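Below is one structure; the comments refer to it alone.
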Amino acid sequence: MSSYKVLLTTSGIGSRLGEITKYTNKALVRVGDKPSISHIIETYPNDAKFVVTLGYFGNQVRDFLEIAYPERIFEFVYVDKYEGEGSSLLYSMLCAKKSLQEPFIFHACDTIVEIKLISPSFNWVAGFKGRGSSNYASISTIGDSVSEMHDKGFINSDYLHVGIVGINDFKTFWETAEEILKKNRNDTTLGDVNILMQVVGNKKFKINEIFKWYDIGNIDSLEIARTKFKDNDFHVLDKLAESIFKVNKCVIKFFADQKTLENRVKRLPYLNNTVPEMLAVKNNFYKYAYVNGELFSMAANRSNFIKLVKWAEENLWLKAEIDLKIFFNNCYDFYITKTKQRVQEFLIKKSISDAETIINGECIPTIELLLSKIDINNLCNGVPTSFHGDFILDNIIKTGQNDFKLIDWRQDFANNIDVGDMYYDLAKLAHNLVVNHEIIDNNDFEIKIKSDGSVSLNIHRLQTLVDCENIFFNYLKSTGYDIQKVKLLRAIIWLNMSPLHHHPFDNFLFYFGKYELFRLINKYE
């Protein structure tokens, strides 16, 4: 049994991560295929006891830990002042004092290490040999003993302080912490270093050398950590308001908007067992069973692509009953009204107006004019079926020769959770055969906006995807589906996606969608 506790302070707002922590706590920022706090939790034995301070999006941290690690022991301490005057790391630590009247380890929630940490059977400070004392507190040593702790900016130190401390003499630690806070209640910079700077001279502290350390507390170091901890299971674009994790052979999905999550759960009966088993739901999170198989983005080829489409026709796209006038209006809202709103979002985001644009040498009119030329009756006379809503290769797992499972389904179709347009799924699949996550990750797209406002763009993709696209459209033609409608919806999807993504990919989506929409409408004429 573990004879000590671990203090995790997740109460701060994570301001150094900017907009990444707009909707969630920094402890839940994804690094590889799991959040940073999971990397920390899994460093410790299964019977370790954790004391976790909660403040900024504290309920999210609590809910995640409870849904991800039901077998682990957590004690949660709520911090009343976690930002502004009177808040500090030291204040948050002291809120947990009552729960830590025994030897403990303090582990900063933005510090990831790759070793099992030793117990606090004696006082120790974790240190890393490297450069960076201008950004980190540092440590001087004599032999294996800590002689001094230094604030940021000290030059001639031996180790950088990584934010992990083993405290055996907990009484002295807490007494010193209280004395410091009493004298400097409004100092928001106070933390564990201030305590250590005072106690290491009076109490013996050993150095605990760490050889691999990743700081995820600022944007630059987070990106470095993400290059180390690869996302091998999920090939998804990072979104501020949602994320996906793999923990203990389960998948956990996070949504900042609880209504989105609720509707996804409500949609399960309408997905006809095409998705994994749901294991737990808790406010902003749900957990489902991990499915063994291969992402179809890695497996798609000429021989198996149509197997997927046929499987979806038999298992997913089952006929649904709905008043056709209502369904027409749903399609109009989803395809036209929403597109106009998203285009406006993009224009505001970029501080530009809807204007004629030269794209790849062609003069293309405004989006408003292009949308007005679409045959609305044809576009919005959809095929009402059950639907996935984000039917792309990276949301499809090939589980057998002719079997598949679907993940990351959409929460509704124009606020309808049980009926959607089959053509939307077809268009999403067609979109993904041109624009996919690998192309984005590898920057295999090009966009140049010249000083005169003209635009040139291009995209590079695997021949396998080109082959699958040709097979797909030939199949649609042979089975009587409207290929022109699928392509129109694909262009509309690109316009819709544009305000939601990062620069310069957002520009590419907007102008690529506009360019394709123009070309398709010209075919009508």
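If you're wondering where the values come from, they're calculated on a predicted model, not measured in any experiment. Residues: numbered from 1 along the sequence shown.
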For residues 504-512, please give each side-chain donor-acceptor pair under 3.5 Å, one per line with the distance, not counting sequence neighbours.
{"residue": "Asp506", "atom": "OD1", "partner": "Lys350", "partner atom": "NZ", "Å": "3.4"}
{"residue": "Asp506", "atom": "OD2", "partner": "Lys349", "partner atom": "NZ", "Å": "2.9"}
{"residue": "Asp506", "atom": "OD2", "partner": "Lys350", "partner atom": "NZ", "Å": "2.8"}
{"residue": "Asn507", "atom": "ND2", "partner": "His503", "partner atom": "ND1", "Å": "3.4"}

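- Interatomic distance, CG of Asp187 versus CG of Leu90, reported as 9.0 Å (0.5 Å rounding).
- Salt bridge annotation for Lys129-Asp158: absent, with no cationic side-chain nitrogen under 4.0 angstrom from a carboxylate oxygen.
- A distance of 7.5 Å separates CG of Leu89 from OG of Ser11, quoted to the nearest 0.5 Å.
- Ring planes of Phe296 and Phe404: perpendicular class, angle over 60° (limits at 30 and 60°).
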**Asked** Hey, mind stepping through Tyr136 and Phe128 against ring-ring contact (aromatic ring centres under 6.0 Å, His included) and telling me if it holds?
**Response** CA-CA 11 Å; Tyr136 301 101; Phe128 175 79; 9.3 Å; no

**Item:** Steps toward ring-ring contact (aromatic ring centres under 6.0 Å, His included) verdict (Phe229, Tyr214)
**Value:** CA-CA 10 Å; Phe229 297 94; Tyr214 304 95; 5.2 Å; yes

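- Note on ring orientation: taking the six-membered ring where Trp is involved, the planes of His107 and Tyr44 are perpendicular (angle over 60°, cut-offs 30° and 60°).
- The six-membered or imidazole ring of Tyr4 lies away from that of Phe104, with a centre-to-centre distance of 6.0 Å or more.
- Under the side-chain contact (heavy atoms from CB on, under 4.5 Å) test applied with Ile37, the options Asp110, Leu65, Asn25 reduce to a single match, Leu65.
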**Prompt:** Stepwise, does the side chain to side chain donor-acceptor pair (under 3.5 Å) test hold for His437 with Asp394?
**Reply:** CA-CA 8 Å; His437 298 152; Asp394 288 302; 2.9 Å; yes

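- Arg30 contributes a side-chain N or O that, together with a main-chain N or O of Gly32, makes up a donor-acceptor pair within less than 3.5 Å.
- To the nearest 0.5 angstrom, Ile396 atom CD1 is 9.5 Å from Leu295 atom CG.
- In this model, a donor atom of one side chain and an acceptor atom of the other lie less than 3.5 Å apart for His460 and Glu446.
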**Derivation of the side-chain contact (heavy atoms from CB on, under 4.5 Å) call for Leu465 and Val434** = CA-CA 7 Å; Leu465 297 180; Val434 178; over 6 Å; no

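- Remark: Thr10 OG1 to Phe64 CZ distance equals 12.0 Å, nearest 0.5 Å.
- In the model, Asn168 has no side-chain atom that pairs as donor or acceptor with a side-chain atom of Asn123 under 3.5 Å.
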**Request:** Go through the steps to decide whether Lys398 and Asp403 satisfy the test salt bridge (charged side-chain N to carboxylate O under 4.0 Å, His left out), and finish with yes or no.
**Result:** CA-CA 6 Å; Lys398 187 174 184 293; Asp403 294 317; over 6 Å; no

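- Remark: Phe170 pairs with no residue by the ring pair (Phe, Tyr, Trp, His ring centres under 6.0 Å) rule, at least two apart or across chains.
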**Request:** For the pair Lys34 and Glu42, evaluate salt bridge (charged side-chain N to carboxylate O under 4.0 Å, His left out) and give the outcome as yes or no after the intermediate values.
**Result:** CA-CA 11 Å; Lys34 64 185 69 174; Glu42 293 169 14; 2.7 Å; yes

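- Atom NZ of residue Lys26 and atom CD1 of residue Ile216 lie 7.0 Å apart, to the nearest 0.5 angstrom.
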**Request:** Could you walk me through whether Trp494 and Phe445 pass ring-ring contact (aromatic ring centres under 6.0 Å, His included), step by step?
**Result:** CA-CA 14 Å; Trp494 289 329; Phe445 63 92; over 10 Å; no

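- Under the 3.5 Å distance criterion, with hydrogens and angles disregarded, no donor-acceptor pair is assigned to the side chains of Asp467 and Thr464.
- Here Tyr82 and Tyr91 keep their ring centres 6.0 angstrom or further from each other.
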**Request:** Report the C-alpha separation of Leu268 and Trp409 in whole Å, then their side-chain angles, then the decisive distance to 0.1 Å, and conclude whether the side-chain contact (heavy atoms from CB on, under 4.5 Å) test is met.
**Result:** CA-CA 9 Å; Leu268 289 173; Trp409 53 96; 3.6 Å; yes

**Request:** Quick one: do Thr188 and Ser87 satisfy side chain to side chain donor-acceptor pair (under 3.5 Å)? Show the steps, please.
**Result:** CA-CA 5 Å; Thr188 59; Ser87 67; 5.9 Å; no

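- In summary, the side chains of His150 and Ser140 do present a donor paired with an acceptor at a separation below 3.5 Å, with no hydrogens or angles considered.
- Listed here is the closest heavy atom pair of Ile252 and Ala68: CD1-CB, 3.5 Å.
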**Asked** For Tyr69 and Ser38, what are the C-alpha separation, side-chain angles and deciding distance, and is it a side chain to side chain donor-acceptor pair (under 3.5 Å)?
**Response** CA-CA 9 Å; Tyr69 301 101; Ser38 286; 2.9 Å; yes

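- Across Leu160 and Gly132, no two heavy atoms sit closer than the pair CD2-C, 3.9 Å.
- Taking a 6.0 Å sphere around CD of Glu223, one finds it holds more than 12 heavy atoms contributed by other residues, nucleotides or ligands.
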**Message:** Please determine whether side chain to side chain donor-acceptor pair (under 3.5 Å) holds for the pair His161 and Asp192, giving the CA-CA distance in whole Å, both sets of side-chain angles, and the decisive distance to 0.1 Å.
**Reply:** CA-CA 10 Å; His161 178 42; Asp192 61 303; 2.7 Å; yes

**Prompt:** How far apart are the C-alpha atoms of Phe205 and Phe122, what are their side-chain angles, what is the distance that settles it, and do they pass the ring-ring contact (aromatic ring centres under 6.0 Å, His included) test?
**Reply:** CA-CA 8 Å; Phe205 276 74; Phe122 57 89; 9.5 Å; no

**Asked** Going through the distances and angles, do Asp215 and Ile224 end up as a side-chain contact (heavy atoms from CB on, under 4.5 Å)?
**Response** CA-CA 9 Å; Asp215 171 26; Ile224 293 171; over 6 Å; no

**Message:** Using salt bridge (charged side-chain N to carboxylate O under 4.0 Å, His left out), reason through Glu102 and Lys5 one step at a time and then give a plain yes or no.
**Reply:** CA-CA 8 Å; Glu102 61 184 275; Lys5 293 181 178 179; 3.8 Å; yes

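- Phe285 does not carry Lys253 over the face of its six-membered ring by the limits of under 6.0 Å from the centre and within 45° of the normal.
- Enclosure of atom CD in Gln463 by more than 12 non-hydrogen atoms of other residues, nucleotides or ligands within 6.0 angstrom is indicated.
- For Asn208 (side chain) and Val125 (main-chain N/O), no donor-acceptor pair under 3.5 Å exists by modelled atom type.
- In this structure, the ring of Phe106 has its center no less than 6.0 angstrom from the ring center of Phe173.
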Distance-only check: which donor-acceptor pairs under 3.5 Å involve side-chain atoms of residues 178-185, not counting sequence neighbours?
{"residue": "Glu178", "atom": "OE1", "partner": "Lys97", "partner atom": "NZ", "Å": "3.3"}
{"residue": "Glu178", "atom": "OE2", "partner": "Lys97", "partner atom": "NZ", "Å": "2.8"}
{"residue": "Asn184", "atom": "ND2", "partner": "Ile180", "partner atom": "O", "Å": "3.0"}

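- Surrounding NZ of Lys307 are more than 12 heavy atoms belonging to other residues, nucleotides or ligands, all under 6.0 Å away.
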**Message:** salt bridge (charged side-chain N to carboxylate O under 4.0 Å, His left out) for Arg410 and Asp390? Distances and angles first, verdict last.
**Reply:** CA-CA 6 Å; Arg410 185 179 171 81; Asp390 198 11; over 6 Å; no

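- Surrounding NZ of Lys116 are more than 12 heavy atoms belonging to other residues, nucleotides or ligands, all under 6.0 Å away.
- Side-chain contact check for Trp174 versus Leu94: some heavy-atom pair is nearer than 4.5 Å.
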